[in-house]
S.K.: 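This is the structure I want to talk about, given as structure tokens.
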Amino acid sequence: MDTKINEPTEAVKKYVSLYEDNAGDISNTSPPFLKNLRKEAIEAFREIGFPKKKNENYKYTHLEPFFNGTLTSRFFPRKLEFDLRDMFRCDIPELDTRVLLLLNGFFYKTEDESLVTQEDGIIYGSLKEAVKQYPNLVEQYLGKTADHKKDPLVALNTAYAQDGMFIYVPDNKKLDKPIQIINLLLSDDNEMVQHRNLFIAGKNSQAKVIICDHSLSNHLFLTNSVSEMIVGENADLDVVRMQNEHNHSVQITNSWLRQAASSNAKHSNITLHGGKVRNNLHVSLEGENANCNAYGLYLADKNQHVDNFTIIEHQFPRCTSNQHYKGVLDDTATGVFSGKIHVHPDAQETEAFQSNNNILLTRDAKMRTKPQLEIYADDVKCSHGATVGQIDENALFYLRARGIPHNEARLMLMYAFADDVISAIDEEHIRSRISDLVSKRLRGELSRCNNCALSCYD
Amino acid sequence: MLNIKNLKVAVEGKEILKGINLEVKPGEVHAVMGPNGSGKSTLASALAGNENYEVTEGTVEYKGKDLLDLSPENRAREGLFLGFQYPVEIPGVSMVNFLRTAINEQRKYKNEDPLSAGDFLKLMREKKSLVEIDSDLTSRSVNEGFSGGEKKKNEIFQMALLQPTLSILDETDSGLDIDALRIVANGVNKLKTDKNATVVITHYQRLLDYIVPDYVHVLYKGKIVKSGDKQLAIDLEEKGYEWIRQETGIEV
């Protein structure tokens, strides 16, 4: 951390003054707690600035330049003359989910309500609306998990974000079907989008969330989103995220997960497409016997860049965690994996595992993988492993010797490589859909955003 | 069917096969025997088209075609089958998917329609009994977790499914106990017709009690130094490779 006070950079100054110029529109409907949160956040952002190039955690993904371009930030939801659903449909008929749409970070209403409160107390819909209808509930949780005082991207988002998804499952309740959040980007010019998600799973509750990110027009989109996920005692939260934005986009996701004792959380991140993608996953295990599984699969080609940064804090004894990330890089794509396990002194009998496996298909593709273990307890079981390699030549020959053509054999092996991450997805139809998309992606058949009326330039 | 003339093969710059001549006609079973390092596996791998094995001289004619000009997958589609000595494990690729793809690639090559999933499963069930292969094994990934014997049986199982014209079995008997050996040999024998041929590469004579060869060739230091009928294998077993050295005057 720099000890000398840095003069804010041009980009920082730009976003601070943009915020100040639009503070009225951003927070005029915000209750006091939220106004306060935004104030703290913009101050922290001004103070810290964007992660510097020499910041170890951002060494291979320098974000500031992306914020320097001419990007429009919009402070009101976009009005469309048509129904967004005519343009985009998630076409898995067997998939029985509750679909919610976000358009450029604002909740897109398809029913009468932008926030639904079920009889059993489960609430889902627009975060902005939730702040209005349930300010006390939101205040209890918003901004308490993602660190807006130390993390500048979280700070920037906290200041700016006006909407996003809110899901609340009270104690002992179960979401009857998964909630599918389709995150759509559509614009007339290059746009910056910042939305905020808040998922709360009460004690003994169960929830499954699927998030799909898509871009529908050929503009440069920069997304800086934050998702706070709070998992109560004994609760079960399963999140699957599929990133499928086009190759002109920059996507920064900040997922902060806080788990209570005996809770289970699974976070699977599948990156199919995207120009520059940086996924930050912070998990804090705050009670005994909590378990977290973080999976990732990234398939990159051309000049895509995918950077997965995960940190799991073991603060209590007898918790288990597993980070399993796999990638296939082609052409001149670059990838980064930085997985940290931090075992605090009292976290005895911790079991924490991490692995990152990569296949490089060309000499120019590059993968940087860095496991980090910081262990301060003495009775723990931790392991980490990273491999970067090519396709197994012997396996390839075996398949060819049975008449399977070279290309097909390669695809079979690449698909087999991705298989264990895909198998970790519980929901059968989603798993099968993702399996299908991965298969298409590997064949180069997913160069346009599926299901949408416009074809994306890539 | 197979005509090998003066085949020379090098691996990592070192010449292993120093001029092999071999002719195999339909309906025949040939055994190729030799001590370790004589080039047996090199011969098998070179015929199958493994790119790590460089053909430096010679020709191989197969069914009237220039075999060396074909890619490994095309050699297979032309009916060549290599039973690997050490079948590789391929986690994540299911046996069923692998086999169905292989069969359908063959059929595509012959302008036949692909087999439906149902028909394929029926075919699989039929052939399983030939090598007494466990049902359980076919629901797993290719060779994953298979014992040595199971891997070898799996090779013959694939042979039964693909119905090759020329099978080259590379030390199919290594690592097998007597029962497994009998099952594997039985499978190979059942698949024999007067239109196909088999080249059995083996170290020990034992297998040849079950798969009776029409011709036996002794491969020694990269050359076939002696050929004969099945009696040659028995003589070799009794007298050892030392006898071959004496007979042919080749020094160690």
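Please read these numbers as outputs of a predicted model, since none were measured by experiment. Proteins come first, then strands; the chains are lettered A, B, ... in the order of their sequence lines, and each starts at number 1. Values below: every heavy atom of this structure, side chains too, minus hydrogens, waters and symmetry copies.
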S.K.: With only heavy atoms counted, which part of A:Asp392 is less than 4.5 Å from chain B, the side chain, the backbone, both or neither?
M.R.: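 Only the side chain of A:Asp392 comes within 4.5 Å of chain B.
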
S.K.: At their closest point, which heavy atom of B:Glu73 faces which heavy atom of A:His406, and how far apart are they?
M.R.: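 Between these two residues, the closest heavy atoms are OE2-N, 2.9 Å.
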
S.K.: Can you tell which of B:Ile103, B:Val93, B:Asn104 has the highest number of heavy-atom pairs within less than 4.5 Å of chain A?
M.R.: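 Max contact count across the listed options: B:Val93.
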
S.K.: Looking at A:Gly403, A:Ala409, A:Ala418, which one has more heavy-atom pairs under 4.5 Å with chain B than the rest?
M.R.: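 It is A:Gly403.
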
S.K.: More than 12 non-hydrogen atoms from neighbouring residues, nucleotides or ligands closer than 6.0 Å to NZ on B:Lys5, yes or no?
M.R.: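 Atom NZ in B:Lys5 is not packed in, count stays at 12 or less.
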
S.K.: Check each atom of B:Asn143 against the heavy atoms of chain A and say whether the ones under 4.5 Å are side chain, backbone, both or neither.
M.R.: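 Answer is side chain: those atoms of B:Asn143 sit under 4.5 Å from chain A.
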
S.K.: Mind ranking B:Pro72, B:Ala76, B:Gly92 by heavy-atom pairs under 4.5 Å with chain A and telling me who comes out on top?
M.R.: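 Of B:Pro72, B:Ala76, B:Gly92, B:Pro72 has the most heavy-atom pairs under 4.5 Å with chain A.
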
S.K.: Check whether any side-chain heavy atom of B:Arg77 lies under 4.5 Å from a side-chain heavy atom of A:Pro405, and answer yes or no.
M.R.: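 Answer yes - side chains close enough.
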
S.K.: What part of B:Gln158 is in contact with chain A, defined as an atom under 4.5 angstrom from a non-hydrogen atom: side chain, backbone, both or neither?
M.R.: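 Only the side chain of B:Gln158 comes within 4.5 Å of chain A.
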
S.K.: Could you state the interatomic distance from CD (B:Gln106) to CZ (A:Arg402), rounded to the nearest 0.5 Å?
M.R.: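 If I round to the nearest 0.5 Å, the distance is 10.0 Å.
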
S.K.: Counting only heavy atoms from other residues, nucleotides and ligands, does the tally under 6.0 Å from NZ of B:Lys108 exceed 12?
M.R.: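 No, the 6.0 Å shell around NZ holds no more than 12 heavy atoms from other groups.
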
S.K.: Would you say NZ of A:Lys177 has more than 12 non-hydrogen atoms from neighbouring residues, nucleotides or ligands within 6.0 angstrom?
M.R.: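 Atom NZ in A:Lys177 is crowded, with more than 12 foreign heavy atoms closer than 6.0 Å.
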
S.K.: Mind checking the OH-CD spacing from A:Tyr398 to B:Glu89? Nearest 0.5 Å is all I need.
M.R.: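 Going from the OH atom of A:Tyr398 to the CD atom of B:Glu89 covers 10.5 Å.
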
S.K.: Begin from the C-alpha positions of B:Ile90 and A:Leu399 and carry the test side-chain contact (heavy atoms from CB on, under 4.5 Å) through to its verdict.
M.R.: CA-CA 10 Å; B:Ile90 313 182; A:Leu399 296 174; 4.0 Å; yes

S.K.: For the residue pair A:Ala416 and B:Pro91, what are the closest heavy atoms and their distance?
M.R.: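 Shortest heavy-atom separation between A:Ala416 and B:Pro91 comes out as CB-O, 3.5 Å.
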
S.K.: So for B:Pro164, is it side chain, backbone, both, or neither that comes closer than 4.5 Å to the heavy atoms of chain A?
M.R.: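 When you check distances to chain A, no heavy atom of B:Pro164 falls under 4.5 Å.
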
S.K.: Considering only NZ, NE, NH1 and NH2 on the basic side and carboxylate oxygens on the acidic side, decide whether B:Glu51 and A:Arg400 come within less than 4.0 Å.
M.R.: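 Between A:Arg400 and B:Glu51 there is a salt bridge, with a charged N closer than 4.0 Å to a carboxylate O.
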
S.K.: In the structure I gave you, are the side-chain heavy atoms of A:Ile404 and B:Phe98 within less than 4.5 Å of one another anywhere?
M.R.: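 A:Ile404 vs B:Phe98: side chains touch.
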
S.K.: For B:Asn97 and A:Met412, work out which heavy atoms get closest and say how close.
M.R.: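 That closest heavy-atom pairing would be ND2-CE, 4.1 Å.
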
S.K.: Relative to each other, are the rings of B:Phe84 and A:Phe397 parallel, tilted or perpendicular (30° and 60° limits)?
M.R.: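 B:Phe84 and A:Phe397: perpendicular rings.
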
S.K.: Heavy-atom count check: over 12 atoms from other residues, nucleotides or ligands less than 6.0 Å from A:Lys370 NZ?
M.R.: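 Count over threshold, so yes.
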
S.K.: How close do A:Ala395 and B:Val88 get, heavy atom to heavy atom, and via which atoms?
M.R.: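 Nearest pair, atom of A:Ala395 first, then B:Val88: CA-CG1, 3.8 Å.
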
